[in-house]
Amino acid sequence: MNEVFADRVVMGSEDRLAEMFGGSLGEDGIKFSAGNPNAELFPIMQMKKAFNKAIEKSGSQIFEYQTVSGFENLRRRLAQWAGQTADIKAVADNILITQGGQQALDLIGKLLLNAGDEVVVEAPTYVGALSALDQYDPYYYDVAMEDDGINLEQLESVLQAHPNIKLLYTVPDFHNPTGVTLSLNKRKKLVELAEKYDFFILEDTPYRDLRYKGTKLPSIKSFDRHGHVLFVSSFSKILMPGLRVGWVVADKEIIDRLRKLKTSSDLETPGIVLAALDQYMEDNDLRKHIEGMLQTYRSRLDAMLAVLDETMPADVHYTRPEGGFFIWLTLPEIIDAQKLLSEICIPKDRISFVPGKVFYAHRNKKNGMRLNFSGVNEERINVGITKLAKSIRTAIKANEVGALL
């Protein structure tokens, strides 16, 4: 029946997002696989008041069709927020509000990519971005990650060898999946490379306000002088993911084109949600809400790093992020993380993580894993990581013995 469907549906092998989760853990299971914020930190009462107040203000009009770009007043707030938190100079016309950051990625892929167009991605990179861009059948070039972000020497070699590269996708702040943050010098250099080789940078940064230690850095977009950077963020990690509100900051010409694509996709992000969000930001201090979350997440990050330090074998390496939601583990190359997950960790340990293969454009690495700490309390982090370390040690020993036979 495949001949009935469009190429974009059948060309891509497995659904990358579906590959992330591999079984039921039961009620007592410990899930390090999710990328969720802590639901206990959601400002439910304040948001309930904001919805009620927005409806009282606008009446039935709030349930009518609204604008494709999103409420102008909210876009003005987001332009101010981008200036305050990311050093970006923007006005309302530089903002498009989307159905979460994921729609923003999809619209940008739809805007820029024809089949076979060349895209640079970090290795590893965010699986949701690969899932969005896969639909447009690009050719990916992987560039390795270092402790301070993407390897720029390797990147420039790729750019020199392939002058038609159109887009680079990056998560510069508390990278998903590695937790690494792109250094200040590399941020500046990336913009210089974009200008020199004439490609777009898609800066996807939903975690940048979730810094628990260290010094905050300006966005890549803040160094952009010629419209090469498209900045994407959302409220999913800093407020509530169920609102499904993201936004793009870009030059007006780009925003206008993205708006036309959004019109054909869904007409608009629901007005009632945007009106309530605007009301929430008017009545509440979003900065203070974020600051209130940091202590919880900092404590969980520290707890996970501490138990990793205590329990992991010396030949297992892991990142030490300063914010965000994730830690990346690199196992010895003889270990297949997917096999470890499906054969030991889920059925026996009742713990889950995301195996590294799904984060690579060509699915060519199998010995990494992403661990989430934001959605798990300290006690369960200690129990789960201790189990994981024991199973990793067992797997390493078994593989070493097998290799000698």
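Computed over heavy atoms, backbone and side chain alike; hydrogens, waters and symmetry mates excluded. Everything quoted here is computed from the prediction, not taken from an experiment.
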Sub-3.5 Å donor-acceptor pair from the side chain of [X] to the main-chain atoms of [Y], do we have one?
X	Y	value
N114	D117	no
Q154	A144	yes
D336	Q338	yes
R370	N176	no
S352	K31	no
N367	L331	yes
N382	E378	yes
D256	R259	no
E203	K221	yes
R244	S236	no

- [ ] Output, in order, the C-alpha distance, side-chain angles, deciding distance and verdict of side-chain hydrogen bond (donor to acceptor under 3.5 Å, both in side chains) for D204 and Y169.
- [x] CA-CA 8 Å; D204 187 12; Y169 173 79; 2.6 Å; yes

Open item on the list: Suppose we screen for side-chain hydrogen bond (donor to acceptor under 3.5 Å, both in side chains). Which residues come up paired with D106, at least two apart in sequence or across chains?
Closed with: Q135, Y136

What's the spacing between [X] [atom1] and [Y] [atom2] if we round to 0.5 Å?
X	Y	atom1	atom2	value
R77	E282	CZ	CD	5.0 Å
S219	I88	OG	CD1	3.5 Å
L329	I335	CG	CD1	12.5 Å

Are [X] and [Y] ion-paired here, with the side-chain N under 4.0 Å from a carboxylate O?
X	Y	value
E156	K196	yes
E118	K166	no
R287	E291	no
K262	E268	no
E253	R257	yes
E333	K366	no

Throw together a table of side-chain donor-acceptor distances under 3.5 angstrom for residues 387-394, partners on residues two or more places apart or in other chains.
unit_1: K387; atom_1: NZ; unit_2: D349; atom_2: O; d: 3.3
unit_1: S391; atom_1: OG; unit_2: D349; atom_2: OD2; d: 2.5
unit_1: S391; atom_1: OG; unit_2: K387; atom_2: O; d: 3.4
unit_1: R393; atom_1: NE; unit_2: T311; atom_2: O; d: 3.3
unit_1: R393; atom_1: NH2; unit_2: T311; atom_2: O; d: 3.0
unit_1: T394; atom_1: OG1; unit_2: K390; atom_2: O; d: 3.0

May I ask you to check whether [X] and [Y] show a side-chain donor-acceptor distance below 3.5 Å?
X	Y	answer
D309	Y318	yes
N73	R76	yes
S374	N38	no
Q279	K49	no
N185	S183	no

Is there a side-chain contact between [X] and [Y], using heavy atoms and a 4.5 Å cut-off?
X	Y	result
I108	L133	no
R211	D173	no
L371	I385	yes
V171	T205	no
D148	T181	no
V68	K260	no

Open item on the list: Go through it in stages, so that I can follow the logic: the residues are L202 and T170, the test is side-chain contact (heavy atoms from CB on, under 4.5 Å), and I'd like the CA-CA distance, side-chain angles, deciding distance and then a yes or no.
Closed with: CA-CA 6 Å; L202 201 176; T170 180; over 6 Å; no

- [ ] Answer yes or no on whether R300 is positioned over the face of F373, meaning its NZ or CZ is under 6.0 Å from the six-membered ring centre and within 45° of the axis.
- [x] no

Geometric class of the [Y]/[X] ring pair [parallel <30°, tilted 30-60°, perpendicular >60°]:
X	Y	value
Y139	H362	tilted
Y212	F174	parallel
F235	W247	tilted

TODO: Please confirm whether H228 and F199 have ring centers closer than 6.0 angstrom.
DONE: no

Open item on the list: Looking only at the aromatic ring of each residue, does the gap between the centers of F325 and Y207 stay below 6.0 angstrom?
Closed with: yes

